[in-house]
2 protein chains.
Amino acid sequence: MKKSDAGAGEQAVTSSGRVKDLLRQDILRGVLKPNQRVTLADVAARYGVGQMPVRHALLQLEGEGLLEISAHKGATIRRADAKFVYDMYEIRRVLEAMLIGSAVKVVRADELAAIRKAQDHFEAVATTGNEAALLKANTDFHNIINRIGNNPEATRYINRGWDLIHAMRLQFGFGRSRVAAMVSEHRSIVAALEARDHDRATSVAEEHCRAARDDLLARIASVG
Amino acid sequence: MKKSDAGAGEQAVTSSGRVKDLLRQDILRGVLKPNQRVTLADVAARYGVGQMPVRHALLQLEGEGLLEISAHKGATIRRADAKFVYDMYEIRRVLEAMLIGSAVKVVRADELAAIRKAQDHFEAVATTGNEAALLKANTDFHNIINRIGNNPEATRYINRGWDLIHAMRLQFGFGRSRVAAMVSEHRSIVAALEARDHDRATSVAEEHCRAARDDLLARIASVG
DNA sequence: AAGTGGTCTAGACCACCTT
DNA sequence: AGGTGGTCTAGACCACTTA
């Protein structure tokens with residue numbers, strides 16, 4: 001973990017970095033809704049900075065796929081419809097399958113322990129009903145496995161733009177039995193990794209992804 | 001095709017858009033080499049604009065994965081080693097397999113005709129030995145198929161950052177028999193699509209990608 | 001035809017890396 | 001401490017959108 005990284009979790013040292021993180025949070029928490037316009041003056045006034053750092057932040061968030069900018073017309077939060085959700089989960093499905101397929105061949109005992117620990121934490125959070133914490137624990141679990149897959153580009157792609165999906169998940173919540181299913185699917189993933197069973201690991205990971213996708217799409221459809 | 005798009009091929013209407021395209025070309029043609037620092041003052045002077053449009057262009061290119069920016073330290077062209085090439089081709093392999101798997105189920109007769117036409121053009125260019133034109137014809141061929149896969153996000157991801165790979169390909173060239181193999185592999189892809197054979201289409205596409213990867217890696221290794 | 005809002009220039013400021 | 005070079009402010013300019 002380099003110190004100079006101004007990534008999502010770390011402390012931003014520039015104004016534009018701070019604005020970027022604040023905007024990301026606003027998107028995640030639904031303060032900024034899909035399809036909404038974002039003007040330089042508004043954001044600059046809200047956060048007490050000039051327009052330039054805001055513009056830099058917007059350009060970077062555009063690169064992450066969270067919003068769209070067109071010349072002389074400004075930025076709008078990317079609108080995320082059912083097709084977008086479906087497409088994003090399909091990408092995640094094949095990339096995670098690829099990564100777990102690589103991971104299963106090289107995973108070490110201490111890495112398996114870290115995965116199990118993340119899963120224990122996930123199961124603990126699952127009993128609390130705190131969906132924001134659950135989302136984070138789930139992300140952590142998958143990121144550990146993905147990183148062992150040893151393809152940093154793919155790991156980046158998987159998380160790119162995913163904040164939009166997380167925002168929808170926070171808005172629509174999980175289906176009634178989905179949390180319990182997640183726990184059990186994660187256990188299957190861990191078991192497949194421990195058995196170093198390549199085909200089972202990839203198929204279980206793909207099924208996990210499809211189930212998450214279908215649950216979210218059902219939640220979206222049921223609300224309208 | 002929207003007019004307001006300031007995308008790669010179209011006419012950029014802003015200074016930063018022009019600078020972005022120029023920088024992309026410079027990366028592609030090897031004027032800017034991997035690992036090289038890119039300073040605002042240099043680029044601004046070279047293209048006769050202020051530093052701000054340059055900075056905007058750099059931020060956007062960072063989002064495309066072509067370079068890295070760290071706060072107060074500036075931008076460097078992303079360095080692309082053998083592992084990076086391998087990883088990028090792995091991503092392309094699984095995403096293109098996914099897309100052709102979708103495409104084979106929905107492809108229409110007129111789309112098949114367009115694919116065949118692109119392949120005819122590719123074969124015509126293949127006889128000329130013009131590698132830049134060959135690269136473009138190859139990209140066009142694959143983009144047509146990918147687009148039929150109807151996952152715009154995935155299509156975007158596939159092309160994201162690929163300029164770095166193209167730059168290496170232009171630098172190292174194709175292996176002796178690679179061009180002929182590309183022609184024949186493309187024909188297999190077209191045949192699988194025409195037969196609407198899902199499994200054959202995905203496996204042929206994956207093999208095509210692996211062969212391209214191994215050829216480029218061999219070229220890189222042989223030069224040193 | 002005016003208003004809104006994005007784009008660009010010039011210059012001040014300041015973080016980082018030398019000597 | 002000085003130099004280099006990225007970051008930010010203020011304001012002019014101009015494209016796009018109302019009426």
Side-chain angles (χ1 to χ4, degrees), chain A residues 1-8 10-24 26-27 32-33 35-64 66-78, chain B residues 1-8 10-24 26-27 32-33 35-64 66-78:
Chain A
M1 192 87 65
K2 278 172 293 183
K3 192 174 62 178
S4 60
D5 273 346
E10 314 192 16
Q11 194 78 0
V13 291
T14 61
S15 291
S16 66
R18 274 190 300 276
V19 171
K20 191 173 83 173
D21 291 346
L22 289 166
L23 283 171
R24 210 202 305 272
D26 282 350
I27 293 172
L32 297 172
K33 295 194 195 318
N35 224 17
Q36 182 176 334
R37 279 205 61 176
V38 182
T39 65
L40 294 176
D42 281 358
V43 180
R46 183 140 45 99
Y47 298 137
V49 296
Q51 297 196 346
M52 202 65 64
V54 175
R55 194 151 172 236
H56 294 338
L58 291 176
L59 285 168
Q60 292 190 279
L61 292 174
E62 183 196 30
E64 294 181 23
L66 297 185
L67 42 85
E68 282 170 350
I69 299 178
S70 48
H72 297 289
K73 288 203 280 191
T76 58
I77 306 293
R78 188 83 167 281
Chain B
M1 192 86 64
K2 279 172 291 183
K3 192 174 60 177
S4 59
D5 274 344
E10 313 195 15
Q11 194 76 0
V13 291
T14 62
S15 290
S16 67
R18 273 190 301 275
V19 171
K20 190 172 83 170
D21 290 346
L22 289 166
L23 284 171
R24 210 203 305 272
D26 282 350
I27 293 172
L32 296 172
K33 296 196 194 319
N35 224 18
Q36 182 177 335
R37 280 204 62 176
V38 181
T39 65
L40 294 176
D42 281 358
V43 180
R46 183 140 47 100
Y47 298 138
V49 297
Q51 297 195 346
M52 202 65 64
V54 175
R55 192 148 173 239
H56 295 337
L58 291 177
L59 285 167
Q60 292 189 280
L61 292 175
E62 182 195 30
E64 294 181 22
L66 296 186
L67 41 85
E68 283 171 350
I69 299 178
S70 49
H72 297 290
K73 288 204 279 189
T76 57
I77 305 294
R78 188 83 166 281

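Please read these numbers as outputs of a predicted model, since none were measured by experiment. We name chains A, B, ... by the order of the sequence lines, and we start the count at 1 in each one.
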Novice: Can you list every salt bridge (Lys or Arg N to Asp or Glu O under 4.0 Å) pair that touches residues 47-56 of chain B, not counting sequence neighbours?
Specialist: none
Novice: Return the polar atom pairs (N/O with N/O) between nucleotides 3-10 of chain C and the protein under 3.5 Å, or none.
Specialist:
{"residue": "C:dG6", "atom": "OP1", "partner": "A:Arg37", "partner atom": "NH2", "Å": "3.4"}
{"residue": "C:dG6", "atom": "OP2", "partner": "A:Leu40", "partner atom": "N", "Å": "3.2"}
{"residue": "C:dG6", "atom": "O3'", "partner": "A:His72", "partner atom": "N", "Å": "3.2"}
{"residue": "C:dT7", "atom": "OP1", "partner": "A:His72", "partner atom": "N", "Å": "3.4"}
{"residue": "C:dT7", "atom": "OP2", "partner": "A:Arg55", "partner atom": "NE", "Å": "2.7"}
{"residue": "C:dT7", "atom": "OP2", "partner": "A:Arg55", "partner atom": "NH2", "Å": "2.9"}
{"residue": "C:dT7", "atom": "O5'", "partner": "A:Arg55", "partner atom": "NH2", "Å": "3.2"}
{"residue": "C:dC8", "atom": "OP1", "partner": "B:Ser15", "partner atom": "N", "Å": "2.4"}
{"residue": "C:dC8", "atom": "OP1", "partner": "B:Ser15", "partner atom": "OG", "Å": "3.3"}
{"residue": "C:dT9", "atom": "OP2", "partner": "B:Gly50", "partner atom": "N", "Å": "2.9"}

Novice: Could you tell me which residues satisfy salt bridge (charged side-chain N to carboxylate O under 4.0 Å, His left out) with B:Arg18, sequence neighbours excluded, listed by chain and number?
Specialist: none
Novice: Which residues satisfy the side-chain hydrogen bond (donor to acceptor under 3.5 Å, both in side chains) test with A:Thr76, sequence neighbours excluded?
Specialist: none
Novice: To the nearest 10°, let me know how far the axis at one end of the helix from C:dA1-D:dT18 to C:dT18-D:dA1 is tilted from the axis at the other, five pairs an end.
Specialist: 10°
Novice: With A:Arg46, which residues qualify under salt bridge (charged side-chain N to carboxylate O under 4.0 Å, His left out), at least two apart?
Specialist: A:Asp26
Novice: Name all residues meeting the side chain to side chain contact (heavy atoms under 4.5 Å, CB included) criterion together with B:Glu62; count only those two or more places apart in sequence or in a different chain, and write none if there are none.
Specialist: A:Gln60, B:Leu59, B:Leu67, B:Ile69
Novice: List in chain and number order the residues that pass side-chain hydrogen bond (donor to acceptor under 3.5 Å, both in side chains) with B:Glu64, two or more places apart in sequence or in another chain; answer none if no residue qualifies.
Specialist: B:Arg24
Novice: Can you give each donor-acceptor pair under 3.5 Å made by side-chain atoms of residues 36-45 of chain B, sequence neighbours left out, with the distance rounded to 0.1 Å?
Specialist:
{"residue": "B:Gln36", "atom": "OE1", "partner": "B:Lys33", "partner atom": "N", "Å": "2.9"}
{"residue": "B:Arg37", "atom": "NH2", "partner": "B:Lys73", "partner atom": "O", "Å": "2.9"}
{"residue": "B:Thr39", "atom": "OG1", "partner": "B:Asp42", "partner atom": "N", "Å": "3.4"}
{"residue": "B:Thr39", "atom": "OG1", "partner": "B:Asp42", "partner atom": "OD2", "Å": "3.1"}

